[in-house]
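This report concerns only the one structure given below.
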Amino acid sequence: MAQKIVLAADKSGKLTAVQQDVVNLTTVTDDFVEFATEASKGLYATPAMRLSQRVERANVAMPTALRAPVEGPGTWALESAMDELAHRLGIDPLDLRLINHADTDPATGQPWSSKKLREAYEEGARLFGWRERPRKPQRDGDWLIGYGMATCSMGCFRNPTPAAEVRLHRDGTVLIRTGTQDIGTGTLTIFPQIAADVLGLPMERIELEMGDTQLPEAGPTYGSSSTMGVGAAVLAAAEDARSQLARLANLPPDEVEMQDGHIRRKGAAGGQTIADVMSHTDIGEIIGSGSFDPAQHGKGLAMRTFGAIFMEVGVDPGLGLLRLRRAVGSYSAGRIVNPRTARSQMTGGIIWGWGMAAMEQSRHEPVLGRFLSKNLSGVAIPVNADIPGDIIIHFVDEVDEHASPIGGKGIGELGATGVAAAVANAVFDATGKRIRELPITPEKLL
């Protein structure tokens with residue numbers, strides 16, 4: 001992919017125009033478009049914007065989406081250009097981004113469903129020590145030390161009408177049924193958490209059945225769409241089961257709560273057990289149904305997730321080596337349902353971003369267009385020795401009920417966006433060399 005970015009600004013740093021032209025390779029037989037311009041649509045306030053997206057056919061393997069598609073490559077170009085503009089104007093890179101903070105969607109003018117990017121900037125800068133960083137290149141033995149930052153962003157993916165069932169049994173166990181899939185992003189933990197919170201039961205009492213076409217249809221899994229959409233359907237199904245139980249207990253459904261296997265009026269003590277209520281009516285199972293229709297939430301509002309990544313790198317100019325020393329990611333992404341799994345996913349995203357920035361490439365044989373490396377044995381990817389332990393993840397306190405009833409907007413690939421630009425910006429800070437082509441391999445640093 002090749003990108004050309006043009007930024008116009010006045011002397012105060014306020015953007016007056018953004019232009020981005022993108023072309024990516026596709027095959028001669030099919031189309032793959034990497035919409036890198038999407039990031040520029042939603043990040044900075046500007047009165048004029050011109051974005052173009054083209055594809056070029058070539059005799060190469062068919063590309064496909066990977067590593068934060070869209071905003072991953074998009075922020076690489078845009079956030080590198082923003083750093084260049086900041087240095088040209090003599091403005092701190094963070095201050096330039098604050099000057100151009102978009103209070104409404106730059107492309108549509110719509111208000112945001114929620115946005116706490118300013119808070120993410122502030123807290124990330126505090127945790128990293130950005131304001132106190134040295135303003136001149138530093139040395140640590142043979143290493144030149146540099147500091148860089150970038151804005152992160154990702155769209156808000158809401159699949160149409162996912163569905164779920166919550167089956168509450170007389171013995172106080174629960175089965176969640178949904179046709180969604182898990183790809184290692186925490187849904188196996190999050191869905192039982194949601195049901196457990198509504199039904200007042202411990203997690204070990206709840207089972208999850210998923211990934212079967214005979215189960216309630218739930219759509220694909222990407223960009224945290226399952227957490228938002230299917231999570232909202234699980235929430236609705238659990239609330240439906242609780243309402244049915246309340247009616248069996250002769251309680252008003254809107255005035256009940258459940259705790260420790262008991263149902264009662266809100267604020268009351270004691271209550272009836274699930275077993276007692278269902279035994280009196282000779283019912284062994286209550287089936288709650290739920291769905292989520294995104295068309296009914298957030299009409300007329302723009303939705304994105306945001307964040308900031310701050311990085312410190314070391315460069316050995318004699319050997320051309322680049323090393324990650326520490327990183328801080330601070331994000332505005334709505335309610336975080338499970339902080340532990342969310343921090344793990346964002347840490348993984350930063351590591352993916354480091355691989356994109358400094359290591360991974362798919363070299364082609366120039367005549368036939370074939371990959372020189374037939375498998376991963378010939379591709380450098382990050383391992384433990386490449387990544388220090390000092391990666392800090394922070395989420396601002398935010399609930400976006402316009403995006404979904406659970407208040408979350410999703411994190412998905414957000415952690416991988418902005419990382420490549422932050423690395424290149426830190427390399428410039430350390431060496432004075434502006435790198436515009438990835439990955440940043442030794443020959444570009446010597």
Side-chain angles (χ1 to χ4, degrees), residues 1-3 20-41 51-78 152-160 179-187 211 213 218-229 304-305 345-346 348-382 410-421 437-439 441:
M1 177 189 295
Q3 303 185 60
Q20 183 180 18
D21 299 294
V22 179
V23 58
N24 72 260
L25 285 182
T26 189
T27 66
V28 296
T29 58
D30 206 345
D31 288 333
F32 173 77
V33 184
E34 186 71 273
F35 291 101
T37 54
E38 287 298 310
S40 298
K41 287 182 181 179
L51 310 176
S52 73
Q53 183 84 46
R54 296 179 297 136
V55 295
E56 179 180 340
R57 297 198 183 280
N59 290 288
V60 296
M62 180 67 180
T64 187
L66 182 67
R67 193 202 317 279
V70 182
E71 290 90 351
T75 53
W76 153 238
L78 176 63
C152 312
S153 184
M154 190 187 74
C156 189
F157 301 101
R158 305 192 305 163
N159 294 326
T180 192
Q181 323 81 34
D182 177 73
I183 57 173
T185 50
T187 53
T213 54
T221 295
Y222 58 85
S224 290
S225 56
S226 290
T227 298
M228 282 191 298
R304 292 194 73 83
T305 57
Q345 187 170 349
M346 301 306 280
I350 291 173
I351 294 170
W352 272 61
W354 177 262
M356 172 184 176
M359 303 177 71
E360 299 173 39
Q361 55 188 328
S362 299
R363 293 188 182 275
H364 289 87
E365 192 277 326
V367 176
L368 300 176
R370 295 174 178 171
F371 291 120
L372 289 175
S373 297
K374 301 299 183 183
N375 52 52
L376 286 178
S377 65
V379 178
I381 60 174
I411 52 176
E413 301 96 352
L414 175 64
T417 67
V419 174
E437 184 179 353
L438 297 179
T441 43

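Just so you know, these numbers use all the heavy atoms, side chains as well, and skip hydrogens, waters and symmetry mates. Each residue takes its place number in the sequence, starting with 1.
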Determine whether a donor-acceptor pair (N or O, by modelled atom type, separation under 3.5 Å) exists between the side chain of [X] and the backbone of [Y].
| X | Y | answer |
| --- | --- | --- |
| Thr305 | Ile411 | no |
| Glu360 | Val379 | no |
| Arg57 | Asp30 | yes |
| Glu56 | Leu25 | no |
| Thr187 | Asp182 | no |
| Gln181 | Thr221 | yes |
| Gln345 | Gly412 | yes |
| Thr26 | Phe32 | yes |

Closest heavy-atom contact between [X] and [Y]?
| X | Y | result |
| --- | --- | --- |
| Phe371 | Ala61 | CE1-CB, 3.7 Å |
| Thr441 | Gln361 | CG2-NE2, 3.7 Å |
| Ala421 | Thr75 | CB-O, 3.7 Å |
| Pro73 | Ala36 | C-CB, 4.4 Å |
| Phe35 | Gln53 | CA-OE1, 3.4 Å |
| Ala416 | Ala68 | CB-CB, 3.9 Å |

Euclidean distance, [Y] [atom2] relative to [X] [atom1], rounded to 0.5 Å:
| X | Y | atom1 | atom2 | answer |
| --- | --- | --- | --- | --- |
| Arg304 | Glu38 | CZ | CD | 7.0 Å |
| Met356 | Thr417 | CE | OG1 | 10.0 Å |
| Met154 | Glu71 | CE | CD | 7.0 Å |
| Ser52 | Gln20 | OG | CD | 8.0 Å |

### Query
Any side-chain heavy-atom pair from Glu34 and Pro63 closer than 4.5 angstrom?
no
### Message
For a 4.5 angstrom cut-off between non-hydrogen side-chain atoms, does Ser373 reach Arg363?
### Response
no
### Query
Hey, mind stepping through Asp21 and Gln3 against side chain to side chain contact (heavy atoms under 4.5 Å, CB included) and telling me if it holds?
CA-CA 6 Å; Asp21 299 294; Gln3 303 185 60; over 6 Å; no
